[in-house]
Structures are given as structure tokens and as C-alpha cells.
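Just so it is clear, the model here is predicted, and its values are computed rather than measured.
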Amino acid sequence: MEVIGPQATRFTYISQSNPGGKIPAWLVNKLFTVVAPKVIQKMVKACRVYEVWKKKNNPEYMPWLWPDQICTNLIDWNDVLSNANVETASSCSEEPEDIQVGDITDDIITDT
């Protein structure tokens, strides 16, 4: 994504696919001329309602700004190296609230 003006952003979408000859190349190329624009349209719709959705869905949880909010399991490398069963420990004390997929899809305008 590249800001190109006060109300404009350039979004570059690159996709590479190799179905291994099972689907003719011309058909794959044709499908992507249809799929890519639809992906962009859905992303634009989601971005337009994101601010409202985020206010209702754990607004203080922003791991892209505050990485310490990322709650992942830590790997004990001794377990990995010894081929033992890997047991993990949480890296943070509180897990984020569950967010239901329907919460955002309800706010996005459906395709017409």
C-alpha cells in the first residue's frame, strides 16, 4: 500500500499460482482477472466499516502497534530437540476476547 494523496492509496495485489498443469494456464489467468478485483472490492468494503467494527470488538487490542499483546505459545527448544512432546506456555497472562467472524461480516455490505 502506498499513499498517493490525501484521499488516495495505491494498493498492489500480486498473486502467483502454479496448479502444476492440472488447469490450463489460460484458464488460471482468466480466473485471476475475475478473482483479484473481487478480493479488492471486499477489502475496500471491510476497510470502510473497520473503524465502527473495531470500536465494538476489543478496541484496545492492537498487536500491530503493541507487540506485547500478542499471545502466542512459547516453544521449549529442549522439547523440540529431544523429539519429546512439545508442551507450551502462554507468553501473556490474559488471552484476548474471542471475536466472532459474524461480528465483522454483519457490518460489511454484502455483494450485489
Side-chain angles (χ1 to χ4, degrees):
M1 293 176 62
E2 175 188 357
V3 176
I4 57 175
Q7 294 291 316
T9 301
R10 177 180 292 130
F11 180 85
T12 304
Y13 179 84
I14 299 172
S15 177
Q16 183 176 4
S17 177
N18 181 1
K22 296 182 185 207
I23 301 172
W26 67 266
L27 181 56
V28 172
N29 292 334
K30 181 64 176 171
L31 287 173
F32 278 103
T33 64
V34 173
V35 171
K38 287 189 181 228
V39 167
I40 301 301
Q41 289 170 348
K42 288 184 180 213
M43 185 175 290
V44 167
K45 287 179 183 180
C47 289
R48 287 184 176 147
V49 299
Y50 176 77
E51 212 171 314
V52 172
W53 175 85
K54 185 62 177 166
K55 285 179 184 176
K56 295 189 288 184
N57 291 278
N58 207 2
E60 64 284 338
Y61 183 68
M62 293 184 237
W64 56 93
L65 293 177
W66 302 301
D68 58 318
Q69 291 181 337
I70 298 173
C71 296
T72 58
N73 293 328
L74 300 176
I75 296 173
D76 182 342
W77 288 106
N78 293 321
D79 287 338
V80 173
L81 296 174
S82 69
N83 292 322
N85 289 335
V86 177
E87 292 186 24
T88 58
S90 180
S91 65
C92 58
S93 59
E94 292 184 27
E95 296 292 326
E97 295 176 21
D98 286 337
I99 297 174
Q100 301 299 320
V101 174
D103 292 343
I104 190 164
T105 56
D106 292 342
D107 294 334
I108 298 174
I109 303 167
T110 57
D111 287 60
T112 54

Hphob cluster co-occupancy, V35 + F11, side-chain heavy atoms under 4.5 angstrom: yes

Interatomic spacing from NZ in K54 to CD in E60 - rounded to 0.5 Å: 7.5 Å

field: Connected via hydrophobic side-chain network under 4.5 Å: L65 and W53
entry: yes

statement: Connected to L27, directly or through other members, by ILVMFWY side-chain contacts below 4.5 Å are I23, W26, V28, L31, F32

query: If you group Ile, Leu, Val, Met, Phe, Trp and Tyr by side-chain heavy-atom gaps below 4.5 Å, do Y50 and W66 land in one group?
result: yes

message: Contact between Q69 and W64 at the side-chain level, heavy atoms closer than 4.5 Å - yes or no?
response: no

query: Could you give the distance from CD (Q7) to OG1 (T9), rounded to the nearest 0.5 Å?
result: 9.0 Å

query: Linking I/L/V/M/F/W/Y whenever any side-chain heavy atoms sit under 4.5 Å apart, do M1 and I40 land together?
result: yes

- request: Could you list the residues that satisfy side chain to side chain donor-acceptor pair (under 3.5 Å) with E2, not counting sequence neighbours?
  value: R10

